[in-house]
Amino acid sequence: MTAKLFSELNLSPELLKAIDRLGYEKATPIQAETIPLLLDGRDVIGQSQTGSGKTAAFAIPLIERTDPQQGVVQAIILCPTRELAVQVAEDVFKLAVFKQGLHCVPIYGGQSYDRQLRALRQGAQIVIGTPGRVLDHLSRGTLRLDQVRMAVLDEADKMLDMGFREDIEEILRAVPSTRQFICFSATFSKPIQELIRTFGRDPQNVRIEHKMLTVPTVEQTYYEIHGRSKTEVLTRLIDFLDLKLAIIFCNTKRMVDDLADELVARGYLADRLHGDMSQAQRDRVMQKFRTGNLEFLVATDVAARGLDVENVEVVFNYDLPWDEEDYVHRIGRTGRVGRSGRAISFAAGREIYKLQSIERYARTKILRRMPPSLEQIEEKRTSVFFERIRSALLQDGFQAEQDIVDRLLEQGFLSTDIACAAIQELRKDDNRRVEVSPRPPSAEAAEEPFGGRRRDGKGDRRSRPRPSRPKRPHRNRG
Ligand code: ADP
Ligand code: MG
């Protein structure tokens, strides 16, 4: 199955224009296979790896088959989390932008009913929601599904894992039985197959096989590190790799809170995302992350499920996930649609066995790496700094600075000394972000994971005060 051009898929000019504006060149395999079936009105069960474009695969035919003249709900999309509902709604909105009169509305818990009510009353035809809130609206009579012709379950297996099974069934029963049933997921479990048997009508299975379950462009490595040293190694890697956009996964909300606090204390642009936060908070964080005003998103699996943010350089498994499947979903947050990305996992002790079972499950290889030493980081930072100065020199145009330099020259300072002093001042700012309170020496020795480089007894501590984190009991498994 080779990918097709969207122009070969019998789409309306409005959709082709929207797709073109999104910059998609050709349909991904899951899109090429499912769009024609869905346009034909068939029930479809779709399975393909994360980041393969499943949203557009169902959103495009949904939009095509919706009548903008009719101000009633004609399609419903169920998603496991609020973030995902919002993201899918944004995708639908972008694809429907040239369809006059077509409206979609996300409805999810945490947002006021009023706003959602207004949107529903205005005659939205496509509703995207989480099962709980959709059911709320149904029972209040503020949402009617009796004209629905298409029902989509996105990330269906996850919704079932989260205990939405009864809600989903109730919602599907509120929809006319003649509706098209569409079920998408990266993976399929037994309960989901039962659901399909109950609600699907002669569904077409579309399964895009990949040799590996994981995204091939993602380089996967791990570091053998014990709990207490993880933050230290994490920040070293961030500095060493000169990262600007990364997601760091932890297994518990508590751990997410702790780590986000630590990173902020060390001067990194970090924030958190987990299920205990209010919707407004979560929206704010995601907005910051998408617009690059946040470099490091510390998150739990539930909150980050399905999130699609461009150019995430690295996904860290600060905690190794308990579930092999979650590993696949986590690392799918980087290397989206052909871009390269990295997945870096921390593991120690018995977790190494967990890694092996992930490797088996995902049919992949996770290579072991040694953390960079402080010397290597220092070298790296010097070279980053060197490049910064060099490119500034190449760009020229120092009118404002020239004045200062002239005055210093007049006072008899040498130009090289002036440059050195300026660089020194600059580097103070540069170093500030890793200089928090010094770590007590005893703890430092105990936490030293980088054995080999320290045999001289002095290590590389001379060059720079060692970054540290506040003392606090470790709560990795909460
Ligand atoms: P999935 O649901 O399969 O994990 P998404 O639907 O979230 O994947 O899509 C992942 C990314 O790929 C999104 O950024 C989306 O805009 C992009 N994308 C989708 N279809 C195409 C396409 N045909 N060409 C290029 N990029 C695409
Ligand atoms: Mg998806």
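Keep in mind that what you see is a predicted model, and the values were worked out from it rather than measured. Every number for a ligand or one of its atoms is a count from 1 in the order of the listing.
Contact analysis leaves Glu155 out of contact with ligand 1, as no non-hydrogen atom separation drops below 4.0 angstrom.
The salt bridge (Lys or Arg N to Asp or Glu O under 4.0 Å) search around Arg390 returns Glu387, not counting sequence neighbours. By the side-chain hydrogen bond (donor to acceptor under 3.5 Å, both in side chains) test, Glu359 is found to be paired with no residue, residues two or more places apart in sequence or in another chain being considered.
In this model, no donor atom of one side chain and acceptor atom of the other lie less than 3.5 Å apart for Asp283 and Gln287. Side-chain atoms of Thr231 and Tyr318 include a donor-acceptor pair closer than 3.5 Å.
For the residues Lys54, Gln31, Gln47, His329, the heavy atom positioned nearest atom 2 (O) of ligand 1 is part of Lys54.
Checked against a 3.5 angstrom limit, the closest N/O atoms of Ala27 and ligand 1 fall outside it.
The part of Lys26 lying near ligand 1 is the backbone, judged by heavy-atom distances below 4.0 Å.
With hydrogens and angles ignored, the 3.5 Å screen pairs no side-chain donor or acceptor of Arg121 with any backbone N or O of Thr142.
Atom numbering of ligand 1 starts at 1 in the shown order; those under 4.0 Å from a heavy atom of Phe6 are 23 (N).
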